[in-house]
Amino acid sequence: MSDLLFFPASMPDEMLHSRITRYHFLSGNRTATETYRDLFDTKPFCMSTIVPKQIEALAGRLPGQSDSNLAELINANTTFPAYRPFLGVREGPQHAGEPTIDGVVRVPRREGSIHGMAKLCPTCVQEDLIEQGYAYWHRSHHIPGVAVCWRHGDALIHACPKCSHPFYRKLRLLPNLTEPCSCGWSPFEASSTLEGTHLEKKVALFAHEILNRNIPPIGSAVLSSCYVRQCKKRGYVFGHNAGIAKLFASIQDYFGDEFLSSTDPAYHQGKHEQWIRLKSDKGQLNMPLARHLIVALHLFKSADLFEAALKNESILLSASRPARKEETEDSQDSKRAGHRKKIEMLLALRSDADMDYLWKKAYRPTKWLKENDNSWLMAQFRTPKKVVAAVEFSVDPRDAGYAALIQAGVDDLYRCTKDLKRVNMRNLQTLLPRSLPHDISKRKQKFPQTYKLIKLHQESVWHFRLRTLAWTVAELIKMRVPVKYETVRLSSVVAAKVFTAFTSFFEWDLESFSKTGVSAEALLKSTGVSRNWEGPPMEISF
């Protein structure tokens, strides 16, 4: 029996946080603590997550079945339905009324930080009051990658445009949109808003349609195959495979660096390698939601075509799975041979191996042989072990010459030029006629001098960031461009916190540099740090 007297019905596309705020004002509670105690029987907690952690408690207090209440709250008042097609949750049909919260654990943690603000469209606020009788907060405005209203195309705002007071405050309820800000600004008086670009409107509309379709969970194999098939249809191919590089180049040309940088933090930081991932990792395509939306929109153009392609791919993959064959005598023989080979290899590698070792290292082969070929298995422990002679590697005669090449060319790699690359093990080996052996132990034994110099001259991440910033500052001054973060980020991938930390730690007088000029090499040398510098003595998080 529910002990909650009432809970306001959801408005179209309303956030759960907004619905709780309406309950607070309608109930007449004086404090947020009273409201949270009514709804969740707990003190106020963070509501900026994709699915609030206490949502099950609310579902249990509402009239009706707890499971159906939970499904309704998630599907109608959170952004989780937009994530569901891309999470790679279990394949197969989902039963009606089955709780949908189990897939939430597969949402990447980084996605939670995107929800750390409340955004609104002033035009929506005005129309909601007229059409619905109440102004509220929309969930479609809070999908990652969405910067404009899907309905009106106006840029979303997350703070008062007059006094910059943020709408969202941790552990607080959302503001009542019918009440003006403390500075006097009200969304009902907002007449002119910044209009979004054509691309921003397309992404917002596509995200809104995906959110409201409530597409069921899709297996990662289906989603990956769907992306790959559409890549080939659109001509993004590389041999017989999907051309990921061609797809990425097409997305860059269509959306542009400015839009992609504002939407995806990794792109803004210059992390373009593996920006598109079409291979499953632990049952999931490891990309944030905003990137999934951009890739899906670019490949399929509409939510209708994307959903239809997912359904068709599910049918094709299920039909292509071979029927399970009964185990024949031939398959038993091949299985026996394979398991024996595995056990023989383990016993040959370790002379003191016993049954416990086999159970730990090869459980399935050991279990099968124990049940079907135990006499052979036991005989292996009675067979004398062959003593394998240890292989000794002599020093390669090219070692001294390779070491001299590293010593002679390392300073050139550290120069501040346009195409800066971190001096790591891979780039240091470009100074050699051929790469060193891949195996570390063999590399140490055959090329001891070369390996020692490579380890000695490797550049730390912090020194590479400093070298990049020094070159950027010098180039901006040369072009007579003001040196500030807005101009630095256009010329390099240096993060804002790194720029602030370096200029403060080294006490760079940027105005003086702009007047007198400075070279990148001189600026880097003036810092006095080594090439394996571990960074400034302060905590910087990314």
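Position 1 is the first residue of the sequence, and the numbers go up from there. Quick caveat, the model's predicted, so the values are computed rather than measured.
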Just by distance, do the side chain of [X] and the backbone of [Y] share a donor-acceptor pair under 3.5 Å?
X: Ser261; Y: Glu258; result: no
X: Asn75; Y: Pro81; result: no
X: Lys246; Y: Val237; result: yes
X: Ser224; Y: Ser220; result: no
X: Ser18; Y: Trp137; result: yes
X: Arg277; Y: Gln274; result: yes
X: Thr263; Y: Leu260; result: no
X: Thr487; Y: Pro482; result: yes
X: Lys232; Y: His240; result: yes
X: Arg22; Y: Ala9; result: yes

| task | Identify which one of Ile294, Leu285, Ile251 satisfies the side-chain contact (heavy atoms from CB on, under 4.5 Å) criterion when paired with Ile276. | result |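 Of the listed options, the one satisfying the test is Ile251.
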Would you say the side chain of [Y] lies within less than 4.5 Å of the side chain of [X], judging by non-hydrogen atoms?
X: Pro144; Y: Pro288; value: no
X: Glu195; Y: Lys201; value: yes
X: Glu313; Y: Ile218; value: no
X: Asp41; Y: Arg61; value: yes
X: Phe80; Y: Leu87; value: yes
X: Thr78; Y: Leu73; value: no
X: Tyr254; Y: Leu199; value: yes
X: Ile210; Y: His292; value: no

Under 3.5 Å side-chain donor-acceptor pair for [X] and [Y]:
X: Asn29; Y: Ser27; answer: yes
X: Asp13; Y: Tyr136; answer: no
X: His165; Y: Ser182; answer: no

With a cut-off of 6.0 Å (strictly less than), are more than 12 heavy atoms of other residues, nucleotides or ligands near [atom1] of [X]?
X: Lys484; atom1: NZ; value: no
X: Phe238; atom1: CZ; value: no
X: His158; atom1: NE2; value: no
X: Gln65; atom1: CD; value: no

| Check ion pair Glu72-Arg19 (N to O, under 4.0 angstrom) |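 Looking at Arg19 together with Glu72, the answer is no, because their closest N to O distance does not fall below 4.0 Å.
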Can you tell me how far the [atom1] atom of [X] sits from the [atom2] atom of [Y], to the nearest 0.5 Å?
X: Thr21; Y: Leu16; atom1: OG1; atom2: CG; answer: 9.5 Å
X: Thr178; Y: Asp128; atom1: OG1; atom2: CG; answer: 12.5 Å
X: Thr468; Y: Lys421; atom1: OG1; atom2: NZ; answer: 13.0 Å
X: Thr33; Y: Asp38; atom1: OG1; atom2: CG; answer: 11.0 Å
X: Gln126; Y: Cys121; atom1: CD; atom2: SG; answer: 8.5 Å
X: Tyr36; Y: Gln54; atom1: OH; atom2: CD; answer: 10.5 Å

Parallel, tilted or perpendicular: which describes the rings of [X] and [Y], with under 30° parallel and over 60° perpendicular?
X: Phe300; Y: Tyr227; answer: tilted
X: His298; Y: Tyr236; answer: parallel
X: Phe259; Y: Phe255; answer: parallel
X: Tyr168; Y: His17; answer: perpendicular

| task | Find out whether the Lys NZ or Arg CZ of Arg465 is both under 6.0 angstrom from the six-membered ring centre of Phe502 and within 45° of the ring's axis. | result |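 That pair does not qualify as a cation-pi contact.
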Can you see which heavy atom on [X] is nearest to which on [Y], and at what distance?
X: Pro122; Y: Ile157; answer: CG-CD1, 4.0 Å
X: Arg84; Y: Asn214; answer: NH1-OD1, 3.7 Å
X: Ser302; Y: Phe206; answer: C-CE1, 3.6 Å
X: Ile143; Y: Leu289; answer: CG2-CD2, 3.9 Å
X: Val146; Y: Ala204; answer: CG1-CB, 3.9 Å
X: Leu174; Y: Ala118; answer: CD2-CB, 3.7 Å

| said: Set out, in order, the CA-CA distance, both residues' side-chain angles and the distance that settles side-chain contact (heavy atoms from CB on, under 4.5 Å) for Arg139 and Asn212, then state yes or no. | reply: CA-CA 10 Å; Arg139 62 174 181 157; Asn212 286 277; 3.6 Å; yes
| request: Give the C-alpha distance, both sets of side-chain angles, the deciding distance and a yes or no for side-chain contact (heavy atoms from CB on, under 4.5 Å) between Val51 and Tyr83. | output: CA-CA 11 Å; Val51 176; Tyr83 287 88; over 6 Å; no
| Which pairs pass salt bridge (Lys or Arg N to Asp or Glu O under 4.0 Å) with one or both residues in residues 175-185, sequence neighbours excluded? |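 Pairs touching residues 175-185 that pass the test: none.
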| said: Quick one, His138 with Arg151, criterion side-chain contact (heavy atoms from CB on, under 4.5 Å). Give me CA distance, side-chain angles, the key distance, then yes/no. | reply: CA-CA 11 Å; His138 289 252; Arg151 187 177 178 186; 5.6 Å; no
| Run the salt bridge (Lys or Arg N to Asp or Glu O under 4.0 Å) check on Asp264 and Lys271 step by step: do they pass? | CA-CA 10 Å; Asp264 189 276; Lys271 299 176 181 178; over 6 Å; no
| message | The test is side-chain contact (heavy atoms from CB on, under 4.5 Å); show your working for Gln252 and Tyr267 and say whether it passes. | response | CA-CA 10 Å; Gln252 284 182 302; Tyr267 189 95; 2.9 Å; yes
